[in-house]
Amino acid sequence: MKTYIKDLSTHQDSLVTLQGWVQNKRESKGLVFLIIRDGSGFCQCIVDLNNIGEEQFNKATSLGQESSLRLTGKVVEDTRQIGGFEMHVQEIDIIQNCANYPIANKEHGIEFLMDQRHLWLRSKRQWAIMRVRNQVIFAIHNFFQKEGFVQMDAPIFTGNACEGTTDLFETDFYGEPAYLSQSGQLYGESMAMAMGKIYTFGPTFRSEKSKTRRHLSEFWMIEPEMAFYDIFDNMDCIEDFVRFVVKEILDKCKMELELLERDTTILEKTVEAFVRLTYDDAVAIIKGEKDVDGKTTIAVLENDLLETKKQIEALKADNAEREALIAAGGMKKGKVNFNLNTIDKNKNLIKQLEEDERNIPQWLESAKNFTYGEDFGGSDETVLTRMFDVPVMVYDWPHEIKAFYLKRNPDNPKFARGVDMLAPEGYGEVVGGGERETNEQMLIEKINEHQLPMEEFEWYLDLRRFGSVPHAGFGLGLERLLAWICKLPHVRETIPFPRMYGRLKP
RNA sequence: GCCUCAUUAGCUCAGUUGGUUAGAGCGACGGACUGUUAAUCCGCAGGUCCCAGGUUCGAGUCCUGGAUGGGGCGCCA
């Protein structure tokens, strides 16, 4: 039976062997502190010259960062440590002693870290994110399985463009052009007619040359499809689903969220009802014509801009103060280093804030000038979600701007029964879905309107010819949900090896 | 595709109006120190200033073009 760091509390005062890697090392005369990670957690292991002898001790001092080893020693309680326990080492068995590990225990730039992604995954933050990802995936399956959904796999090679709007990756399928799937939805609809309720969970490919914090070329999408569901049943499902996943993470990833320094206040708010707005109401709020709790978007954003400016000033003043203190001299070297590092950190923060400072007026402008009838842009989503601290669902969109397969509102055919769920804190669209058109003639008209190749959709039209029923579904972007749950600045950190515009390696 | 900001040591960054031999910290390496939490202290090594042109007596610094990266828009999950 192997022992893992996460289980150390059950081995108090007994002798165990850990297998892992040296995450960091601190040395003192006759003492070496090894921070060991084994995948399950982190543990400080103490090597004491007096207890272990010179030969074993020299092994410890020679270890480079990320060397692999086995350590045998006694598990001792120590409240100062993260897990509450440390190991007093009795024997060191080096598997590989290595030197010059490229990632240091300090601030690095994103390009450098992305080039080192295969090693970066070992770092604490990345380790925490990947564990949350694992738990989110598990929670998603749990939710649908307990609700009686059947998981299905949609094909990845497709012959048609499902929505025809976004760019597809083309490949060669035995001499025929084939495209990598950008959605499994149409296949999901077929399966829902066989199983009642289904969900897909698979990779999705979009060849959009988007350089933003919310886009990947390859990402994972969950697409449930439910027979006999209308738009409102669909929104209930989205809400229950997102609430369940967030609750699971709050319960099971406490340590990871703490490591990520995630303030969970907003996540805890998901127990409350999500906001539901029609497109018309959402537009009125975005344009500042309608207020939320007495505040308009314009007032909130102008305040945001003011706050941003204040923060920049405060950081600059803080840096000037630190620089003056260093220049005055007499400061201990360790303190100087700490201050220099803080100055660098502050500078990075200032850069980000200055980007916001440039962007907020653009968003405000775009919100004020929003043209009724158009789709929301990234800035409109940001402006809208800024008004609420729970997820916002916007439904009943002008049918012209939405996908061909969405059902019209029977009371007002101007609107299609699509729904988008926008996450709070500026994360924007995480879910897109809606009730599907059931009428064959309406679908044919829409396919022609969108100039899509009718022959590619014959099989899809069959679903309306043989036992057509009301049905609805949605697609959730795993990485966007994760970025919000972990409050990460970019989706690229939520997937082990991101594929995006300009990034194919490692 | 468009807009914007950036590129100086392995990493994170300074570099004044264009002026002698381009600096600091971290990391690495060598040494000191018996409880450290990114330990600390001393020493040492480390440079194609992104590339190509141009202006100039003189360019890391100014100009033009290009490459790469960050962010935003469009598009989307």
Side-chain angles (χ1 to χ4, degrees), chain A residues 23-35 42 44 46-50 64-65 78 80-82 86 88 99-116 124 163 165-167 182-183 185 204 206-217 219-223 323 326 332-341 343-345 347-348 351-352 354-356 358-360 362-363 366 374-382 401 403 420-423 427-433 474-484 489-492 501-503:
Chain A
Q23 196 262 330
N24 200 6
K25 183 178 76 173
R26 287 184 283 273
E27 277 181 82
S28 188
K29 170 87 172 170
L31 275 176
V32 178
F33 302 90
L34 298 171
I35 311 301
F42 295 78
Q44 171 163 281
I46 289 105
V47 184
D48 188 334
L49 176 61
N50 293 331
Q65 200 185 348
D78 187 318
R80 289 169 294 186
Q81 307 311 323
I82 301 171
E86 62 180 19
H88 291 187
N100 293 313
Y101 185 68
I103 303 175
N105 248 327
K106 59 168 288 193
E107 294 265 309
H108 288 287
I110 189 65
E111 188 187 2
F112 173 76
L113 289 169
M114 271 302 165
D115 287 341
Q116 307 293 334
K124 263 188 192 159
E163 299 182 32
T165 51
T166 46
D167 292 343
Q182 60 167 352
S183 168
Q185 187 206 309
T204 306
R206 305 258 169 105
S207 171
E208 299 159 348
K209 288 181 179 172
S210 300
K211 293 180 72 165
T212 82
R213 59 183 70 200
R214 337 182 271 288
H215 284 88
L216 292 169
S217 302
F219 64 97
W220 288 72
M221 192 152 69
I222 296 92
E223 294 181 283
E323 275 164 7
I326 293 167
K332 265 189 152 181
K333 202 177 167 191
K335 199 151 190 185
V336 172
N337 287 348
F338 173 78
N339 278 308
L340 284 173
N341 217 324
I343 289 170
D344 278 356
K345 258 189 197 169
K347 276 184 186 167
N348 271 325
K351 262 189 204 169
Q352 284 174 32
E354 281 175 345
E355 258 167 25
D356 288 347
R358 281 194 292 270
N359 288 331
I360 290 173
Q362 285 179 28
W363 294 344
S366 137
E374 283 180 3
D375 206 349
F376 292 174
S379 41
D380 306 312
E381 289 177 1
T382 308
I401 55 170
D420 284 357
M421 193 203 85
L422 313 175
Y427 282 88
E429 189 174 351
V430 168
V431 169
F474 60 92
L476 172 128
L478 176 66
E479 286 76 15
R480 284 191 182 176
L481 178 68
L482 265 163
W484 171 52
H490 199 298
V491 288
R492 67 187 153 212
Y501 187 53
R503 172 67 61 182

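Any value given below was found using the heavy atoms of this structure, including those in side chains, with hydrogens, waters and symmetry copies removed. Below, read A as the first sequence line, B as the second, and so on, with proteins coming before strands; counting in each chain starts at 1.
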K.L.:
Kindly give the heavy-atom pair with the smallest separation between Asp380(A) and Asp375(A), and that separation in Å.
P.N.:
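So the two residues come closest at OD2-O, 4.4 Å.
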
K.L.:
One pair to check against side chain to side chain contact (heavy atoms under 4.5 Å, CB included): Glu86(A) and Ile46(A). What are the steps and the verdict?
P.N.:
CA-CA 8 Å; Glu86(A) 62 180 19; Ile46(A) 289 105; 3.1 Å; yes

K.L.:
Please, what dot-bracket string fits RNA chain B when only Watson-Crick and G-U pairs with both distances under 3.5 Å count, crossing ones use [ ] and pairs to another strand use |?
P.N.:
(((((((..((((.....[...))))..((((.......))))......(((((..]....))))))))))))....

K.L.:
Which part of the nucleic acid, if any, lies within contact of Asp375(A), taking any heavy atom under 4.0 Å across all strands shown: a base, the sugar-phosphate backbone alone, or nothing?
P.N.:
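Here Asp375(A) touches the backbone only, sparing every base.
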
K.L.:
Using the P atom as the reference point in each nucleotide, state the distance between G58(B) and U40(B) in Å, no decimals.
P.N.:
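About 47 Å, rounded to a whole number of Å.
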
K.L.:
Taking the nucleotide of RNA chain B with the nearest heavy atom to each, does Met221(A) or Asp380(A) sit closer to the 5' end?
P.N.:
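Comparing both residues, the 5'-ward one is Asp380(A).
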
K.L.:
Could you check which of A77(B), G69(B), C29(B) has an atom nearest any side-chain atom of Glu111(A)?
P.N.:
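Nearest nucleotide to the side chain: G69(B).
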
K.L.:
Measuring from the side chain of Arg206(A) (C-beta onward, heavy atoms only), which nucleotide among A77(B), C75(B), C33(B) has the closest atom?
P.N.:
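The nucleotide sitting nearest to the side chain is A77(B).
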
K.L.:
Can you tell me how far C1' in U12(B) sits from the matching atom in C73(B), rounded to whole Å?
P.N.:
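Nearest-Å result for U12(B) against C73(B) at atom C1': 30 Å.
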
K.L.:
Please report, rounded to the nearest Å, how far the C1' atom of C11(B) is from the CD atom of Gln65(A).
P.N.:
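Distance, rounded to whole Å: 12 Å.
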
K.L.:
Looking across every strand, which nucleic acid part, if any, lies under 4.0 Å from Ile46(A) by heavy atom: base, sugar-phosphate, or nothing?
P.N.:
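It contacts base atoms.
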
K.L.:
Return the nearest nucleotide to the side chain of Arg80(A); candidates are C76(B), A28(B), U36(B).
P.N.:
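Comparing C76(B), A28(B), U36(B) against the side chain of Arg80(A), the answer is U36(B).
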
K.L.:
When all nucleic acid strands are considered with a 4.0 Å heavy-atom cut-off, which category describes Arg214(A): base, sugar-phosphate, or nothing?
P.N.:
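If one applies the 4.0 Å heavy-atom cut-off, Arg214(A) turns out to touch a base.
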
K.L.:
5'-most contact on RNA chain B: Gly30(A) or Gly64(A), nearest heavy atom basis?
P.N.:
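Going by which nucleotide is closer to the 5' end, it is Gly64(A).
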
K.L.:
Gln81(A) side chain: which of U36(B), C76(B), C75(B) is closest?
P.N.:
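Per side-chain heavy atoms of Gln81(A), the pick is U36(B).
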
K.L.:
Looking across every strand, which nucleic acid part, if any, lies under 4.0 Å from Glu86(A) by heavy atom: base, sugar-phosphate, or nothing?
P.N.:
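Base, at least one base heavy atom under 4.0 Å.
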
K.L.:
Indicate the atoms forming the closest heavy-atom contact of Ala483(A) with Val491(A), along with that distance.
P.N.:
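Minimum heavy-atom contact is CB-CG1, 4.0 Å.
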
K.L.:
For the side chain of Lys209(A), counting heavy atoms from C-beta on, which of G1(B), C75(B), A39(B) is nearest?
P.N.:
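Among G1(B), C75(B), A39(B), the one nearest the side chain of Lys209(A) is G1(B).
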
K.L.:
Mind checking if Trp220(A) touches a base, just sugar-phosphate, or nothing, with heavy atoms under 4.0 Å?
P.N.:
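Result for Trp220(A) = nothing.
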
K.L.:
Ser379(A) has a side chain; which of C75(B), C73(B), U36(B) sits nearest to it?
P.N.:
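Among the listed nucleotides, the one closest to the side chain of Ser379(A) is C73(B).
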
K.L.:
Give the minimum heavy-atom separation between Tyr427(A) and Arg214(A), together with the two atoms involved.
P.N.:
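Reported closest heavy-atom pair: O-CD, 4.2 Å.
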
K.L.:
Look at all strands and tell whether Leu31(A) reaches a base, only sugar-phosphate, or nothing, counting heavy atoms closer than 4.0 Å.
P.N.:
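Base: the residue Leu31(A), judged by heavy atoms under 4.0 Å, touches a nucleobase.
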
K.L.:
In whole Å, what separates the C1' atom of A67(B) from that of A52(B)?
P.N.:
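Straight-line distance between the two C1' atoms is 11 Å.
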
K.L.:
Within the structure shown, what part of the strands sits under 4.0 Å from Gln44(A) by heavy-atom distance: base, sugar-phosphate, or nothing?
P.N.:
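Base, at least one base atom sits under 4.0 Å.
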
K.L.:
Between P on C73(B) and OH on Tyr501(A), what's the gap in Å once rounded to a whole number?
P.N.:
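To the nearest whole Å, that distance equals 17 Å.
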
K.L.:
Are any of the side-chain heavy atoms of Arg26(A) and Leu31(A) separated by less than 4.5 Å?
P.N.:
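Arg26(A) vs Leu31(A): side chains apart.
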
K.L.:
For the C1' atoms, the ones on G60(B) and on G23(B), what distance do you get once it is rounded to whole angstrom?
P.N.:
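Approximately 12 Å lies between the C1' atom of G60(B) and that of G23(B).
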
K.L.:
Which part of the nucleic acid, if any, lies within reach of Glu27(A) when heavy atoms closer than 4.0 Å are counted: base, sugar-phosphate only, or nothing?
P.N.:
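Here Glu27(A) touches the bases of the nucleic acid.
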
K.L.:
Consider the side chain of Ile110(A), meaning its heavy atoms from C-beta on, and name the nucleotide among U68(B), G70(B), G35(B) that approaches it most closely.
P.N.:
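For Ile110(A), the side-chain atoms sit closest to G70(B).
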
K.L.:
Using the P atom as the reference point in each nucleotide, state the distance between G65(B) and C2(B) in Å, no decimals.
P.N.:
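The answer is 14 Å between these two P atoms.
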
K.L.:
Would you kindly give the CG-to-P distance between Asn100(A) and C26(B), to the nearest whole Å?
P.N.:
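The answer, rounded to whole Å, is 17 Å.
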
K.L.:
Taking only the side-chain nitrogens and oxygens of Arg26(A), find out if one of them lies under 4.0 Å from OP1 or OP2 of C33(B).
P.N.:
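Result: no.
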
K.L.:
Before giving the answer on side chain to side chain contact (heavy atoms under 4.5 Å, CB included), spell out for Glu479(A) and His215(A) the whole-Å C-alpha distance, their side-chain angles and the decisive distance to 0.1 Å.
P.N.:
CA-CA 9 Å; Glu479(A) 286 76 15; His215(A) 284 88; over 6 Å; no

K.L.:
What contact category does Val431(A) fall into here, base, sugar-phosphate, or nothing, at under 4.0 angstrom with non-hydrogen atoms?
P.N.:
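Result for Val431(A) = sugar-phosphate.
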
K.L.:
With heavy atoms under 4.0 Å as the rule, sort Arg503(A) into base, sugar-phosphate or nothing.
P.N.:
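No contact.
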
K.L.:
In whole angstrom, what separates Asp115(A)'s CG from U12(B)'s P?
P.N.:
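In whole Å, U12(B) P and Asp115(A) CG are 10 Å from each other.
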
K.L.:
Categorize His490(A) for me: base, sugar-phosphate, or nothing, with a 4.0 angstrom heavy-atom threshold over every strand shown.
P.N.:
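Answer is sugar-phosphate: His490(A) comes under 4.0 Å of backbone atoms only.
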
K.L.:
How far, in whole Å, is U8(B) from C3(B) if one measures between their P atoms?
P.N.:
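Taking atom P in both C3(B) and U8(B), they lie 25 Å apart.
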
K.L.:
Any stacking of Phe33(A) on G35(B), going by centres under 5.5 angstrom and planes within less than 30 degrees?
P.N.:
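Base of G35(B): not stacked against Phe33(A).
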
K.L.:
Grab the two heavy atoms, one from Glu223(A) and one from Ser183(A), that are nearest each other, plus how far apart they are.
P.N.:
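Nearest pair, atom of Glu223(A) first, then Ser183(A): OE2-OG, 2.9 Å.
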
K.L.:
Considering all heavy atoms of both residues, which atom of Asp420(A) and which atom of Gly433(A) are nearest to each other, and what is their separation?
P.N.:
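Closest pair (atom of Asp420(A), atom of Gly433(A), distance): OD1-N, 4.3 Å.
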
K.L.:
Name the nucleic acid region contacted by Gly109(A), choosing base, sugar-phosphate or nothing; use a 4.0 angstrom heavy-atom cut-off, strictly under.
P.N.:
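Sugar-phosphate only.
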
K.L.:
Taking atom CE of Met221(A) and atom CZ of Arg480(A), what is their separation to the nearest 0.5 Å?
P.N.:
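The CE atom of Met221(A) sits 10.5 Å away from the CZ atom of Arg480(A).
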
K.L.:
How far, in whole Å, is C41(B) from U36(B) if one measures between their C1' atoms?
P.N.:
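U36(B) and C41(B) have their C1' atoms separated by 15 Å.
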
K.L.:
Mind calculating the distance between CG (Asp420(A)) and C1' (C75(B)) to the nearest angstrom?
P.N.:
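Whole-Å distance recorded here is 13 Å.
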
K.L.:
Contact class for Asp78(A) (heavy atom, under 4.0 Å): base, sugar-phosphate, or nothing?
P.N.:
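If one applies the 4.0 Å heavy-atom cut-off, Asp78(A) turns out to touch a base.
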
K.L.:
Roughly, in whole Å, what's the span from CD1 in Ile103(A) to C1' in U12(B)?
P.N.:
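Atom-to-atom, Ile103(A) to U12(B), this comes out as 14 Å.
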
K.L.:
Starting at atom CD of Glu208(A), determine the distance to atom P of C2(B), rounded to an integer number of angstrom.
P.N.:
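Atom CD in Glu208(A) sits about 18 Å away from atom P in C2(B).
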
K.L.:
May I ask you to verify whether the side chain of His108(A) and the base of C11(B) hold a donor-acceptor pair under 3.5 Å?
P.N.:
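No pair found.
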
K.L.:
Roughly, in whole Å, what's the span from CG in Asn24(A) to P in C26(B)?
P.N.:
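Distance check: Asn24(A) CG to C26(B) P gives 15 Å.
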
K.L.:
For a side chain to side chain contact (heavy atoms under 4.5 Å, CB included) check, start with the C-alpha distance between His490(A) and Ile110(A), then their side-chain angles and the critical distance, and finish with the verdict.
P.N.:
CA-CA 11 Å; His490(A) 199 298; Ile110(A) 189 65; over 6 Å; no

K.L.:
I'd like the C1' distance from C57(B) over to G71(B), given in whole Å.
P.N.:
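Pairwise C1' distance, G71(B) against C57(B), rounds to 42 Å.
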
K.L.:
Arg206(A) and Phe219(A): side chain to side chain contact (heavy atoms under 4.5 Å, CB included), yes or no, with the steps?
P.N.:
CA-CA 8 Å; Arg206(A) 305 258 169 105; Phe219(A) 64 97; 3.6 Å; yes

K.L.:
With a 4.0 Å cut-off on heavy atoms, is Glu374(A) in touch with a base, just the backbone sugar-phosphate, or nothing at all?
P.N.:
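No contact at all - Glu374(A) keeps every heavy atom at 4.0 Å or more from the nucleic acid.
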
